[in-house]
Amino acid sequence: MRYSQLLLPTLKETPAEAEVVSHKLLLRAGFIRKITSGVYSYLPLGLATLRKVEKIVREEMNNGGAQEVLLPMVQPADLWQESGRWDKYGPELLRFKDRHGRESCLGPTHEEVITTLVRREVHSYRGLPLNLYQIQTKFRDEIRPRFGLMRGREFIMKDGYSFDATEEDAGKTYETMHYAYHRVFSRCGLKFRAVEADTGTIGGNFSHEFMVLADTGEDTLVICKKCTYAANMEKATAMAPVAPVEEVALLPLAKKETPGKRKVGAVTEFLGITAQELVKTMVYLVDGQPVAVLLRGDHEVQPVKLKNLLGAVEVEMADDKQVFDATGVPTGYLGPIGLKIRVVADREVALMKNFVVGANEKNFHSLNVNLGRDFEVEDVADLRMVTEDDRCPVCGAELNLTRGIEVGHIFKLGKTYSQALNGVFLDNQGQEQHYVMGCYGIGVSRTVAASIEQNHDKDGIIFPLPIAPFQVVVLNLSPNDEVITAAAEKLYLEFKQQGVDVLIDDRDERPGSKFKDADLIGIPYRLTVGKSFAKEGVVEIRKRVDGETSSLPLAEVVPDLTARIRTELAAVV
RNA sequence: CGGGGCGUAGCGCAGCCUGGUUAGCGCGCCUGCCUUGGGAGCAGGAGGCCGCAGGUUCGAAUCCUGCCGCCCCGACCA
């Protein structure tokens with residue numbers, strides 16, 4: 001491609017709307033432009049990069065035995081009503097009526113459509129296993145789109161769905177996809193980690209997320225320093241607490257005035273105790289109903305765990321007014337004794353003795369409180385966030401908390417959808433069975449953004465070779481000089497003949513602009529044809545990633561660099 | 001939706017508090033000259049519904065009200 005003919009509007013200054021580095025650089029480098037909140041146009045370089053990622057995804061999915069299809073984006077409501085998700089999915093599902101008044105939605109995911117397709121076409125175990133995928137624009141009406149391509153409302157996703165006859169086969173498919181995902185993200189040049197994850201609205205019972213490690217990530221990961229345990233904070237558990245060996249005598253319940261002491265820190269300081277000796281009572285609205293969660297003073301609620309425990313659709317923290325309306329107690333003095341709403345406790349609380357809680361009366365706390373003697377709870381479960389002080393639930397070693405960007409998520413769905421949508425086949429005994437399903441997503445456009453989050457410097461993007469929009473950029477520093485131009489054009493044509501993705505900067509610009517733009521758009525190899533060619537007949541080769549620079553005579557450049565590129569691409573994984 | 005912030009030329013911003021000629025600056029864009037290894041220089045030029053609507057006023061980018069859009073923090077998630 002010729003730069004002079006390319007729509008590549010680079011910017012010197014960062015548009016004010018961009019906050020994170022990938023968004024800033026995607027805008028500055030002329031890859032994307034926003035059309036409205038969370039919806040972007042891809043310019044030629046943005047699309048080229050997207051296509052590179054897609055190609056890798058296709059190759060690895062196909063290698064893993066999956067077949068590509070393309071499913072409709074507009075989906076009828078009745079399919080979603082049949083699966084039960086029309087009501088469950090919430091406002092993220094963009095719904096509308098067509099001219100006949102039929103309710104429809106834009107597909108945020110495709111379990112309903114794919115299951116309907118397969119149940120109509122596959123009626124025998126002989127047709128299984130079946131693994132289908134597509135790469136397509138998804139629409140999710142996100143509450144708050146942000147960070148450019150990182151969380152758009154419209155985005156490019158690879159979604160795949162597998163159908164197996166047995167749990168065992170489904171497990172094998174899951175492992176195959178797990179491996180394929182490893183290959184995809186490795187080939188994309190990303191530093192990533194697969195972690196155990198919550199299954200969210202997709203449902204199912206087992207899943208892994210593929211997380212690109214980056215400080216700007218929206219997720220917190222809990223990773224064992226020693227063993228292979230790694231989980232999303234939403235799912236992560238700490239080593240289970242153990243009851244102390246020696247019996248602790250239960251002290252008599254007491255009430256103490258704690259004027260104005262509402263926060264954990266204030267109460268513990270006032271009473272001269274530690275946060276580990278206090279139990280705080282947090283009120284959440286669980287599908288609109290208030291539920292009190294008991295938690296050790298130094299711990300935090302993990303809302304996803306609460307949601308899963310109670311089988312809820314929506315969980316949010318109650319504000320002061322909602323707390324008062326539900327309990328008649330101002331926040332800060334809430335406790336479980338005599339509380340009229342549902343009460344659940346974190347498992348750590350169940351082992352505590354003689355602790356402090358709010359007395360359900362302004363300016364008073366209860367001392368020497370004990371579960372079982374002074375109050376009961378409806379449920380005891382792991383409901384809290386893991387902290388850096390916790391230990392690995394598998395091996396007991398220390399844990400690391402780090403940030404990650406979710407670029408892939410694979411689920412064992414089991415029979416959830418095949419039962420809901422009556423997806424059945426006859427096994428080799430002639431018995432009717434439901435398919436055992438799995439589903440597998442990759443955020444293709446997000447992967448591009450994640451790669452930039454991980455690979456950039458002050459000058460711009462540093463694309464890994466496999467996903468760079470161009471592999472080589474040839475800078476013609478003197479378009480008005482016939483000798484230099486002839487040499488640059490020769491390189492350009494020869495690279496094209498070799499199948500190398502090459503961009504030639506043939507603009508009538510000063511050298512400085514060309515260097516800056518080449519750095520900004522992140523092309524892995526930069527060739528400069530200029531003064532040193534006129535003088536010594538050599539072309540400068542510079543690697544974007546480390547600035548390593550060498551010079552070669554014109555005739556050697558294409559064979560040498562083509563070989564290097566091929567070796568590098570083959571070396572991945 | 002709750003909390004915070006912002007809307008002035010393609011991009012980055014000033015002007016607004018304290019209303020008053022023709023709304024300004026840098027970059028970018030166009031023309032010419034000059035320059036050609038890290039976003040040069042000189043000269044000339046084009047480009048604005050000051051987010052939209054209403055109000056106050058002799059007069060509104062500026063004050064008031066409503067609306068719209070965008071960004072950030074939270075719930076959601078590839």
Side-chain angles (χ1 to χ4, degrees), chain A residues 9-20 23 27-28 30 33-38 57 89-93 108-109 135-160 181 197-202 207 209-212 218-219 232 234 284-285 303-304 307 313-317 319 321-322 405-411 439-450 459-460 475-481 484 507-520 526 528-535 540 542 549:
Chain A
T10 59
L11 301 171
K12 277 193 189 175
E13 283 175 293
T14 306
E17 70 192 44
E19 190 76 8
V20 298
H23 190 195
L27 289 170
R28 279 195 58 209
R33 289 291 183 261
K34 185 176 68 189
I35 197 75
T36 185
S37 180
V57 169
Y89 214 93
E92 233 173 284
L93 184 65
T109 177
I135 296 176
Q136 187 209 35
T137 299
K138 290 282 184 284
F139 192 93
R140 296 183 186 174
D141 200 358
E142 293 279 346
I143 301 163
R144 182 156 81 88
R146 59 186 139 171
F147 304 157
L149 294 190
M150 209 85 102
R151 179 174 298 284
R153 294 192 296 165
E154 195 177 285
F155 59 100
I156 311 289
M157 179 168 163
K158 187 287 295 183
D159 50 324
Y181 273 43
D198 181 70
T199 51
T201 40
I202 302 290
S207 82
E209 288 168 335
F210 287 76
M211 293 285 188
V212 168
E218 295 181 277
D219 289 276
N232 191 307
E234 296 174 353
Y284 278 76
L285 293 181
V304 174
K307 186 169 155 178
V313 175
E314 206 180 319
V315 163
E316 59 176 332
M317 210 169 146
D319 62 29
K321 183 177 179 304
Q322 290 164 333
I405 302 165
E406 183 188 354
V407 289
H409 199 162
I410 59 178
F411 301 78
C439 85
Y440 317 94
I442 291 178
V444 177
S445 41
R446 183 185 280 181
T447 299
V448 172
D459 294 314
L475 303 189
N476 176 355
L477 290 195
S478 302
N480 298 321
D481 180 309
I484 287 172
R507 294 174 301 168
D508 187 17
E509 290 285 341
R510 297 168 53 82
S513 303
K514 298 189 178 187
F515 289 131
K516 289 289 183 189
D517 279 332
D519 285 347
L520 180 60
R526 186 188 80 191
T528 308
V529 187
K531 216 182 261 174
S532 47
F533 179 74
K535 280 187 193 157
E540 181 192 282
R542 186 171 186 276
T549 305

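Naming convention: chains lettered A, B, ... in sequence-line order (proteins, then strands); numbering from 1 in each chain.
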Student: Students often get this wrong, so: under 4.0 angstrom with heavy atoms, is A/D319 touching a base, only sugar-phosphate, or nothing?
Tutor: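 It contacts nothing in the nucleic acid.
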Student: Which one is paired to B/C17, where only Watson-Crick or G-U wobble pairs with both distances under 3.5 angstrom count?
Tutor: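 With both distances under 3.5 Å required, B/C17 matches none.
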Student: Could you list the residues that satisfy side-chain hydrogen bond (donor to acceptor under 3.5 Å, both in side chains) with A/T10, not counting sequence neighbours?
Tutor: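 By the side-chain hydrogen bond (donor to acceptor under 3.5 Å, both in side chains) rule, A/T10 matches A/D517.
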Student: Can you sort out the partners of A/F210 under ring-ring contact (aromatic ring centres under 6.0 Å, His included), two or more places apart, ordered by chain and number?
Tutor: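 Here the qualifying residues are A/H178, A/Y181, A/H182, A/F185.
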Student: NA contact type, A/G408, heavy-atom cut-off 4.0 Å: base, sugar-phosphate, or nothing?
Tutor: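 Counting heavy atoms under 4.0 Å across all strands, the contact made by A/G408 is with sugar-phosphate only.
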Student: For the OG1 atom of A/T137 and the CE atom of A/M157, what is their distance to the nearest 0.5 Å?
Tutor: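 These two atoms lie 12.0 Å from each other.
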Student: Using atom P in both nucleotides, what's the gap between B/G26 and B/G44 to the nearest angstrom?
Tutor: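 Those two atoms are separated by 13 Å.
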Student: Which is more 5' along RNA chain B, the nucleotide nearest A/G38 or the one nearest A/E316? Just name the residue.
Tutor: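 The residue closer to the strand's 5' end, by nearest nucleotide, is A/G38.
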Student: Among the nucleotides B/C77, B/G37, B/A78, which one has an atom lying closest to any side-chain atom of A/S532?
Tutor: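 Within the option list, the nearest is B/G37.
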Student: Using only atom types and a distance under 3.5 Å, with no angle test, would you say the side chain of A/R140 pairs donor to acceptor with the backbone of A/E92?
Tutor: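 Side chain of A/R140 to backbone of A/E92: no pair is present.
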Student: Could you check how far CD of A/E218 sits from P of B/C77, rounded to whole Å?
Tutor: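 Computing the A/E218:CD to B/C77:P distance gives 12 Å.
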Student: Roughly, in whole Å, what's the span from CD1 in A/I143 to C1' in B/C76?
Tutor: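 In whole Å, B/C76 C1' lies 4 Å from A/I143 CD1.
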Student: Not counting sequence neighbours, which residues clear salt bridge (charged side-chain N to carboxylate O under 4.0 Å, His left out) with A/E540? List them please.
Tutor: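 Partners of A/E540 by the salt bridge (charged side-chain N to carboxylate O under 4.0 Å, His left out) criterion, ordered by chain and then number, come out as A/R526.
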Student: Please pick, from B/C71, B/G37, B/C13, the nucleotide with the shortest atom-to-atom distance to any side-chain atom of A/K531.
Tutor: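 Output: B/G37.
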Student: Base, sugar-phosphate, or nothing: which does A/R526 touch, judged by heavy atoms less than 4.0 Å apart?
Tutor: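 The answer is base, as A/R526 lies within the cut-off (heavy atoms under 4.0 Å) of a base atom.
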Student: Can you tell me the distance, in whole Å, between the CD atom of A/E234 and the P atom of B/A75?
Tutor: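 Spelled out: CD on A/E234 to P on B/A75 is 9 Å.
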Student: Could you check how far CG of A/L27 sits from P of B/C71, rounded to whole Å?
Tutor: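 Nearest whole value for this atom pair: 11 Å.
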Student: Could I get the full list of salt bridge (charged side-chain N to carboxylate O under 4.0 Å, His left out) partners for A/K321, not counting sequence neighbours?
Tutor: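 Once residues adjacent in sequence are excluded, the partners of A/K321 under the salt bridge (charged side-chain N to carboxylate O under 4.0 Å, His left out) criterion are A/D325.
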Student: Go through B/C76, B/A78, B/C13 for me and flag the one nearest to the A/K307 side chain.
Tutor: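 The nucleotide sitting nearest to the side chain is B/C76.
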Student: With a 4.0 Å cut-off on heavy atoms, is A/T447 in touch with a base, just the backbone sugar-phosphate, or nothing at all?
Tutor: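 Touches nothing.
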Student: Please give the nucleotide sitting opposite B/G41 as a Watson-Crick or G-U wobble pair, both distances under 3.5 Å, or none.
Tutor: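 Partner of B/G41: B/C33.
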Student: Specify the separation, in whole Å, of atom CZ of A/R146 and atom C1' of B/G74.
Tutor: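 So the two atoms are 8 Å apart, to the nearest Å.
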Student: Under the salt bridge (charged side-chain N to carboxylate O under 4.0 Å, His left out) rule, collect the residues that match up with A/R542, sequence neighbours excluded.
Tutor: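 Checked A/R542 against salt bridge (charged side-chain N to carboxylate O under 4.0 Å, His left out); matches are A/D519.
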Student: Measure from the side-chain heavy atoms of A/M157 and tell me the nearest of B/C77, B/G38, B/A78.
Tutor: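 Minimum distance to the A/M157 side chain belongs to B/A78.
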Student: My understanding is that a pair needs two contacts under 3.5 Å, Watson-Crick or G-U wobble. By that rule, which nucleotide pairs with B/G2?
Tutor: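 When the pairing criteria are applied, B/C73 turns out to be the nucleotide that pairs with B/G2.
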Student: Touch check for A/N480, heavy atoms < 4.0 angstrom, all strands: base, sugar-phosphate only, or nothing?
Tutor: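 Counting heavy atoms under 4.0 Å across all strands, the contact made by A/N480 includes a base.
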Student: Find the distance between CD (A/E406) and CD1 (A/I442) and round it off to the nearest 0.5 Å.
Tutor: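 If we round to the nearest 0.5 Å, A/E406:CD and A/I442:CD1 are 11.5 Å apart.
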Student: Can you tell me the Watson-Crick or wobble partner of B/A9, both distances under 3.5 angstrom?
Tutor: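 Paired with no nucleotide.
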Student: Let me spell it out: for each of A/E17 and A/E142, pick the nucleotide of RNA chain B with the closest heavy atom. Which residue's pick is nearer the 5' end?
Tutor: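 The 5'-side residue here is A/E17.
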Student: Select base, sugar-phosphate, or nothing to describe what A/G160 touches, counting heavy atoms under 4.0 Å on all strands.
Tutor: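 The answer is nothing, as A/G160 stays clear of every strand by at least 4.0 Å.
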Student: How many whole angstroms separate atom NZ of A/K138 from atom C1' of B/C77?
Tutor: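 About 14 Å, once rounded to whole Å.
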Student: For the C1' atoms, the ones on B/U8 and on B/A61, what distance do you get once it is rounded to whole angstrom?
Tutor: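 Their C1' atoms lie roughly 7 Å apart.
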Student: Of the options B/C70, B/C13, B/C76, whose atoms approach the side-chain atoms of A/T36 most closely?
Tutor: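 Of B/C70, B/C13, B/C76, B/C70 is nearest to the side chain of A/T36.
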Student: From the list B/C76, B/C71, B/A75, which nucleotide is the closest neighbour of the side chain of A/R144?
Tutor: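 Nearest to the side chain of A/R144 among the choices is B/A75.
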Student: Distance check, C1' atoms only: B/U36 and B/C72, in whole angstrom units.
Tutor: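 So the two C1' atoms sit 43 Å from each other.
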Student: Write down the distance separating the P atoms in B/A60 and B/G54, rounded off to the nearest Å.
Tutor: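 Per the computed distance, 13 Å lies between those P atoms.
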Student: Between the side-chain atoms of A/E13 and the base atoms of B/G26, is any donor-acceptor pair under 3.5 Å?
Tutor: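 Per atom types, the contact qualifies.
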Student: Let me see the working for A/D198 and A/K307 under side chain to side chain contact (heavy atoms under 4.5 Å, CB included), right down to the final yes or no.
Tutor: CA-CA 11 Å; A/D198 181 70; A/K307 186 169 155 178; over 6 Å; no
Student: For nucleotides 3-6 of chain B, which of its nitrogen or oxygen atoms have a protein nitrogen or oxygen under 3.5 Å away, and what is each distance?
Tutor:
none

Student: With C1' as the reference atom in both, quote the distance from B/G15 to B/C63 in angstrom, rounded to an integer.
Tutor: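 Here B/G15 and B/C63 have their C1' atoms 16 Å from each other.
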Student: Of the candidate nucleotides B/G37, B/C77, B/C70, which contains the atom at the shortest distance from the side chain of A/K34?
Tutor: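 Ranking B/G37, B/C77, B/C70 by closest atom to the A/K34 side chain puts B/C70 first.
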Student: Whole Å only: how far is the CG atom of A/L93 from the C1' atom of B/A78?
Tutor: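 A/L93 atom CG is separated from B/A78 atom C1' by 16 Å.
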Student: Considering only atom C1', compute the distance from B/C13 to B/G28 and round it to an integer number of Å.
Tutor: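 Taking atom C1' in both B/C13 and B/G28, they lie 14 Å apart.
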Student: When every nucleotide of nucleotides 39-53 of chain B is labelled 5' to 3' by its protein contacts under 4.0 Å (heavy atoms), B for base, S for sugar-phosphate only, - for none, what sequence of letters results?
Tutor: BB-------------
Student: Output all residues satisfying salt bridge (charged side-chain N to carboxylate O under 4.0 Å, His left out) with A/E218, sequence neighbours left out; order by chain, then residue number.
Tutor: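 Per chain and number, A/E218 pairs via salt bridge (charged side-chain N to carboxylate O under 4.0 Å, His left out) with A/R146, A/R151.
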Student: In whole angstroms, how far is the C1' atom of B/A75 from the CZ atom of A/R140?
Tutor: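 Taking atom C1' of B/A75 as the reference, CZ of A/R140 is at 16 Å.
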Student: Could you work out, with side-chain hydrogen bond (donor to acceptor under 3.5 Å, both in side chains) as the rule, every residue matching A/D141, not counting sequence neighbours?
Tutor: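 For A/D141, the residues satisfying side-chain hydrogen bond (donor to acceptor under 3.5 Å, both in side chains) (neighbours in sequence not counted) are A/R153.
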Student: Between B/G51 and B/G10, how far is it from one P atom to the other, in whole Å?
Tutor: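 These two P atoms come out 13 Å apart once rounded.
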Student: I want to check something: taking the side chain as every heavy atom from C-beta on, are A/T109 and A/Y89 in contact at a cut-off of under 4.5 Å?
Tutor: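 A/T109 vs A/Y89: side chains touch.
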Student: To the nearest 0.5 Å, what is the distance between NZ on A/K531 and CD1 on A/I484?
Tutor: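 With rounding to 0.5 Å, NZ (A/K531) is 10.0 Å from CD1 (A/I484).
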Student: Strictly by Watson-Crick or wobble contacts shorter than 3.5 Å, is anything paired with B/G66, and which nucleotide is it?
Tutor: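 With both distances under 3.5 Å, B/G66 matches B/C52.
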Student: What interatomic distance, in whole Å, is found between C1' of B/C64 and the corresponding atom of B/C17?
Tutor: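 Roughly 15 Å separates the two C1' atoms.
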Student: Look through every strand shown and name the nucleotide pairing with B/G28 as Watson-Crick or G-U wobble, where both distances are under 3.5 Å.
Tutor: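 Paired with no nucleotide.
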